[in-house]
Amino acid sequence: MITCYLKYVIDPYKLKEFEHYAKLWIPLVNRLGGAHHGYFMPHEGANNIALALFSFPSLATYESYREKMAADPECQAAFAYAEETRCILSYERSFMRPVFE
């Protein structure tokens, strides 16, 4: 299993817009073969950092997801929403291997 960790730098004045964006992606990732673990919004501490975690059985499965995502109209609409609202300033993506036991 591989887990994608996304760290977003968001506009703290557009939390509502980012939360809407996040809620768009959760069912999309799940529909396209992943298991979304949720988005984590600022609460205390930094007001401009949000996180997302989602897993795939393998890196190959994730790459297949990326191909499907590029052709999916709902995914493209979600990307367009983020661009239109400018709620995301930047992000970084890392892949991790979870340890459960």
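Remember, it's a predicted structure, so these values are computed and weren't measured experimentally.
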Aromatic ring proximity, centroids under 6.0 angstrom, His36 and Tyr39: yes
Ile26 versus Gly38, closest heavy-atom pair with distance: CD1-CA, 4.5 Å
CZ/Arg93: more than 12 non-hydrogen atoms of other groups inside 6.0 Å: yes
Heavy-atom side-chain contact between Tyr21 and Thr85 under 4.5 Å: no
Pairwise side-chain contact, Cys87 with Ile10, heavy-atom cut-off 4.5 Å (strictly under): no
Heavy-atom closest contact (Phe18 atom, Ala50 atom, distance): CE2-CB, 3.5 Å
Closest contact, heavy atoms only, Ile49 versus Val9: CD1-CG2, 3.9 Å
Salt bridge (Lys or Arg N to Asp or Glu O under 4.0 Å) involving Lys23 - partner list, sequence neighbours excluded: Glu19
Side-chain touch Lys7/Tyr5, heavy atoms, less than 4.5 angstrom: yes
Which donor-acceptor pairs under 3.5 Å do the side chains of residues 51-59 make with protein atoms, sequence neighbours left out?
from	atom 1	to	atom 2	distance (Å)
Ser55	OG	Thr3	OG1	2.6
Ser55	OG	His37	NE2	2.7
Ser58	OG	Ala60	N	3.4
Ser58	OG	Thr61	N	3.1
Ser58	OG	Thr61	OG1	2.9

Mutual orientation of the aromatic rings belonging to Phe95 and Tyr62 [parallel < 30°, tilted 30-60°, perpendicular > 60°]: perpendicular
Ile88 CD1 to Asn48 CG distance, which is reported to the nearest 0.5 Å: 13.0 Å
Student check: side-chain heavy atoms of Leu32 and Cys75 closer than 4.5 Å: yes
Partners meeting side-chain hydrogen bond (donor to acceptor under 3.5 Å, both in side chains) with Asp72 (sequence neighbours left out): Arg31
Distance flag, aromatic centroids of Tyr81 and Trp25, threshold under 6.0 Å: no
Where Ala35 and Val29 come nearest, the two heavy atoms and their spacing: N-CG1, 4.4 Å
Minimum heavy-atom distance between Gln76 and Met69, given as atom pair plus value: NE2-O, 3.0 Å
Residue pair Met41 / Leu15, side-chain heavy-atom distance below 4.5 Å: yes
ILVMFWY cluster, Tyr91 and Leu28 together (side-chain gap under 4.5 Å): yes
Min side-chain heavy-atom separation Met1-Arg97 under 4.5 Å: no
